[in-house]
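No experiment lies behind these values; they were computed from the predicted model shown. One-based numbering, in listed order, for ligands and for the atoms of each.
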Amino acid sequence: MLLSLTNRTPDATDLGHLLHKHPARVHETTLPFGTATVFYPRAEENECTAVLSVDVDPVGLVRSTGGRQGGWSLGQYVNDRPYTASSFLATALSRTFGTALNGRCTKRPELVDRPLDLELILPVIQAPDELLQRFFAPLGYSVEITRLPLEPAFPDWGEGRHATLRLRAEKPLHQVLRHLFVLIPALDRDKHYWVGREEIDKLLAKGEGWLGDHPECEWIVRRYLKYQQRLTHEALDRLAPEIDDSDEPDEPPAEKERRVSLHEQRLDAVAARLEAMQPQSVVDLGCGEGKLVRRLVKHTAIPRVLGMDVSSRALGIARDKLDRLPASKRDRAQLVLGSLIYRDSRLAGFDAAALVEVIEHLDPDRLEALEQVVFAHAAPRHVLVTTPNREYNVLFENMAPGALRHADHRFEWTRAEFETWARQVAADHGYEVALEPLGEEHPDHGAPSQMAVFRRVD
Ligand code: SAH
């Protein structure tokens, strides 16, 4: 399996200093499962490419595991492990580029944090396009995926499960290596070693400064830890303790200093707004993993909270987390699977509804159906809708111009666009509406997110 790393920043061969591998030489490292080789097919002042090639010994692998690998015996020898980017590659990455991965460069320390014009190619990776986009795009990579044919000799057989992934970004090398170290094993379905508690430490160390804010954080952690629930919960708790999770009186001081993410702030604002309305019941539409639902049952006296989402995966996570609350709180919440674009009698009779960062996940031509479902049929007295403010995107360092914040966003609105929509909806359905910024406001670009607070006029 291969990883190629190209630097196109002037003085491109500085890559050699950063990787601690001289471009004129071939470097070999012996690993428990094979050999890692680093070489430079090109080392010029304007372009320098380093390749990490990992030779996995499939026969050795079977022997070392005593042949316990899988059900199909020939599959132990004939499989994609030797060429698909996997946890083997991540291990090789940390063994060969460990110093760079840890952001150290004794000879040229000033290079460490310098953003480089980088291109990375993973010629073979096994993952669907959507997953690749959702993992890499929010980190500011331009993502190019070329699906590989199942069998080049028989084009009729169509595409296989493997693809070539090409990523481009302007970032310090150590950041890029950390992203790869975490995301490659998270994309891969197998892991070549037993996943234990020490994996959490590795994950948190390499995920520091980016993983907690990644929109797919829970998904990445879950996959990295191979769906082991205990480990996943522990990692998530340590990674981004929700501020409302601090029920334990003895919270360590370091925990308190952790940055409260934008999304946490937004949810707090919405929860506070809802609480002030003193509703008897709230429905959280597009509740995702249940963050708002948990806030409401933990910190307010609202007797009934329903979370609805179209994603059973998200609801599964929401369920797991609710189950960890004391019964007195847990029992006030319910979760249901459902779509917001179909009329649903379960949504009737609520005092308030929240749609937190949901509308931008719907195709614009479905919005009208949502408006009917929420404002005409369910028609709660209060509706809170939040959505990103597109004008603010220029302030995100890692975002390419014109990009959206999340691979699944179908649109992002300016403040004026959101206001126009909200006023029209209010006028059509007998509501009044006020618009508010959500999060700290920038004088020109506004706040990161925006909220419309609707009140039914009776
Ligand atoms: N409100 C949550 C999640 C926001 S992400 C939070 O703030 O944390 C958007 C959510 O909308 C996702 O969980 C997605 O599954 C859900 N969603 C998208 N389209 C939907 C639809 N048609 N019906 C219900 N939920 C939907």
What atoms in ligand 1 come closer than 4.0 Å to a heavy atom of [X]?
| X | answer |
| --- | --- |
| Gly338 | 23 (N), 24 (C) |
| Glu357 | 4 (C), 5 (S), 9 (C) |
| Gly286 | 1 (N), 2 (C), 3 (C), 10 (C), 11 (O), 25 (N) |
| Ser339 | 21 (C), 22 (N), 23 (N) |
| Leu340 | 21 (C), 22 (N), 23 (N), 24 (C) |
| Cys287 | 2 (C) |
| Leu362 | 19 (N) |
| Ser311 | 15 (O) |

Checklist entry - Do any N/O atoms on Val358 end up under 3.5 angstrom from N/O atoms on ligand 1? => result no
Checklist entry - Would you say ligand 1 has an N or O under 3.5 Å from any N or O of His263? => result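 Yes; the residue has a nitrogen or oxygen that sits under 3.5 Å from a nitrogen or oxygen of the ligand.
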Checklist entry - Do Tyr141 and His179 pass the ring pair (Phe, Tyr, Trp, His ring centres under 6.0 Å) test, and can you show the C-alpha distance, the side-chain angles, and the key distance before you say yes or no? => result CA-CA 11 Å; Tyr141 290 93; His179 294 158; 5.6 Å; yes
Item to check | Ionic contact status for Arg390 with Glu417, cut-off 4.0 Å | outcome: yes
Next on the checklist: Measuring only between side-chain heavy atoms, which start at C-beta, is Ile145 closer than 4.5 Å to Thr164?
Outcome noted: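 Ile145 does not reach Thr164 side chain to side chain.
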I need the nearest protein heavy-atom contact for [atom]: residue, atom name and distance, please.
| atom | value |
| --- | --- |
| atom 17 (N) of ligand 1 | Val310 CG1, 3.9 Å |
| atom 18 (C) of ligand 1 | His361 CB, 4.0 Å |
| atom 14 (C) of ligand 1 | Asp309 OD1, 3.5 Å |

Item to check | From Ile220 atom CD1 to Arg222 atom CZ, the distance as rounded to the nearest 0.5 Å | outcome: 12.5 Å
Item to check | Approximate separation, where rounding is to 0.5 Å, of Phe411 CZ and Ile359 CD1 | outcome: 4.5 Å
Next on the checklist: Would the distance check show the side chain of Lys321 and the main-chain N or O of Lys291 forming a donor-acceptor pair, the cut-off being under 3.5 Å?
Outcome noted: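 Flag not set: sc Lys321 to bb Lys291 has no pair under 3.5 Å.
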Checklist entry - For Ser339 and Asp344, what are the C-alpha separation, side-chain angles and deciding distance, and is it a side chain to side chain contact (heavy atoms under 4.5 Å, CB included)? => result CA-CA 8 Å; Ser339 172; Asp344 191 330; over 6 Å; no
Checklist entry - Can the positive tip of Arg313 be found less than 6.0 Å from the middle of the six-membered ring of Trp219, inside 45° of the ring normal? => result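 Yes, a cation-pi geometry holds between Arg313 and Trp219.
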Item to check | Asp113: partners by side chain to side chain contact (heavy atoms under 4.5 Å, CB included), with sequence neighbours left out | outcome: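 Partners of Asp113 under the side chain to side chain contact (heavy atoms under 4.5 Å, CB included) test: His174.
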